Number of protein chains: 2
Amino acid sequence: MGVFIRPGNVFLADCPARLAIELLADKWSVVVIYGLSQGPRRHNELKALIGGVSSKVLAQTMRRLQRHGLVGRSALPEQPSITQYELTPLGQTLVEPVEMLSRWAERHGSDVLEAHGEQTDAVAVTSG
Amino acid sequence: MGVFIRPGNVFLADCPARLAIELLADKWSVVVIYGLSQGPRRHNELKALIGGVSSKVLAQTMRRLQRHGLVGRSALPEQPSITQYELTPLGQTLVEPVEMLSRWAERHGSDVLEAHGEQTDAVAVTSG
DNA sequence: CAGTATCCTCCTGGATACTG
DNA sequence: CAGTATCCAGGAGGATACTG
């Protein structure tokens, strides 16, 4: 039996679906979720895995994802401290879409780069 | 036979795959591509379809996607003018990932909203 | 190790008005 | 119809230094 509940769609402003898309529309969220798809990771593991991200921005990103229920965070009150991030069940539902996106990027990234600046309009000429 | 060419991966800074992800990391790109997945659309058709987008920002988004080879643009020199946008073959390769993301958002968007602000760390207590 | 604090810059994106 | 011009605010995100 298929589920046909549609709590809005991405074309409607301010509906949950649209807000969910906007949650992922930043530089790091997709990559972070992809990085967590294999299992829990610590802060510095993620930082080492994800090239170019700073400690500050990574922590920011993690907190946003945590606030929206995609990522869980557990901290051991050790010294030095140990933190673990992992996908929540809700976050797990994103693994498949995010993996598809990432695989697309790895296959077609170079095409996108090469296309840069080469585009021209197809101007149709009026006949007669 | 599978293709195993990997022009970088999304974890590497400044590699094409990462840049491709960043190309989509804005408020409108995913929704626009989803909106074009059924076929060509005119400027005002897209504007009507996509709630909340302004003419300016839509045009901006279309130009960026065009520059990177995901969207083609054809203009008839009519008065009033007629413009058509459609996915390029490269853009078509994004339809499946983008549809997955959108369907995820429509299914789980409300969960993401409800989760907002309810998150707490799972603080493990040291035993002994 | 896992962050914060601070500062700063760029860019996205919204509002409004105008054009061929 | 399909934009552009202009102005503007906010926030993402980078650099650096510091902390428990």
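Just so we're on the same page: letters track the sequence lines, and every chain starts at 1. Predicted model only: the values in this text are computed from it and were never measured.
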*Asks:* Are there runs of at least three consecutive Watson-Crick or G-U pairs touching DNA chain D, with each pair's two distances under 3.5 angstrom? Give them by first number.
*Replies:*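 Stem list for DNA chain D: C:1-20 with D:1-20.
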
*Asks:* On DNA chain D, check which nucleotide each of A/S81 and A/R64 is closest to and give me the residue with the more 5' one.
*Replies:*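 First, find each residue's nearest nucleotide; the 5'-ward one identifies A/R64.
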
*Asks:* Could you pull out all residues at least two apart from B/R64 that satisfy salt bridge (charged side-chain N to carboxylate O under 4.0 Å, His left out)?
*Replies:*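 Per chain and number, B/R64 pairs via salt bridge (charged side-chain N to carboxylate O under 4.0 Å, His left out) with B/D26.
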
*Asks:* Tell me the interatomic distance from B/L49, atom CG, to D/dC1, atom P, rounded to whole angstroms.
*Replies:*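 Answer to the nearest Å: 15 Å.
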
*Asks:* According to the salt bridge (charged side-chain N to carboxylate O under 4.0 Å, His left out) rule, which pairs have a member within residues 82-92 of chain A, sequence neighbours left out?
*Replies:*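 Every pair satisfying salt bridge (charged side-chain N to carboxylate O under 4.0 Å, His left out) with a residue in residues 82-92 of chain A: there are none.
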
*Asks:* Provide the full list of side chain to side chain donor-acceptor pair (under 3.5 Å) pairs with a residue in residues 88-102 of chain A, sequence neighbours left out, each pair given once.
*Replies:*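 Sorted result for residues 88-102 of chain A: A/T93-B/W104.
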
*Asks:* Checking one residue: A/L12. Which other hydrophobic residues are in its cluster under the side-chain 4.5 Å linking rule?
*Replies:*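 Other cluster members: none.
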
*Asks:* What distance separates B/Y34 OH from B/L87 CG, expressed to the nearest 0.5 Å?
*Replies:*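 So the OH of B/Y34 and the CG of B/L87 are separated by 13.0 Å.
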
*Asks:* What residues join A/M100 in its hydrophobic cluster, counting side-chain heavy atom gaps under 4.5 Å, either direct or through other members?
*Replies:*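 ILVMFWY cluster around A/M100 also holds B/M100.
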
*Asks:* Among residues at least two apart in sequence or on other chains, which ones pass salt bridge (charged side-chain N to carboxylate O under 4.0 Å, His left out) with B/R41?
*Replies:*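 Expected list: none.
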
*Asks:* Can you give me the N/O atom pairs linking the protein to nucleotides 3-7 of chain D at distances under 3.5 Å, or say none if there are none?
*Replies:*
| residue | atom | partner | partner atom | Å |
| --- | --- | --- | --- | --- |
| D/dG3 | OP1 | B/R73 | NE | 3.4 |
| D/dG3 | OP1 | B/R73 | NH2 | 2.5 |
| D/dG3 | OP2 | B/Y85 | OH | 2.6 |
| D/dG3 | O5' | B/H43 | ND1 | 3.2 |
| D/dG3 | N7 | B/S55 | OG | 3.1 |
| D/dT4 | OP1 | B/R63 | NE | 3.2 |
| D/dT4 | OP1 | B/R63 | NH2 | 3.2 |

*Asks:* Could you name each residue pair satisfying side chain to side chain donor-acceptor pair (under 3.5 Å) that touches residues 43-59 of chain A, not counting sequence neighbours?
*Replies:*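 Applying side chain to side chain donor-acceptor pair (under 3.5 Å) to every pair that reaches into residues 43-59 of chain A, excluding sequence neighbours, yields A/H43-A/S55.
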
*Asks:* Starting from P on C/dT12, measure out to CE on B/M62 and report it in whole angstrom.
*Replies:*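 It is 16 Å, rounded to the nearest whole Å.
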
*Asks:* Who passes side chain to side chain donor-acceptor pair (under 3.5 Å) against B/Q66, sequence neighbours left out?
*Replies:*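 Here the qualifying residues are A/D121.
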
*Asks:* Scan for ring pair (Phe, Tyr, Trp, His ring centres under 6.0 Å) pairs involving residues 63-91 of chain B, sequence neighbours excluded, and state none if there are none.
*Replies:*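 Listed by first then second residue: A/H116-B/H68.
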
*Asks:* Heavy atom of residues 24-33 of chain A under 4.0 Å from DNA chain D: which residues?
*Replies:*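 When residues 24-33 of chain A is checked for heavy atoms under 4.0 Å from DNA chain D, the hits, listed by number, are A/D26, A/K27, A/W28.
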
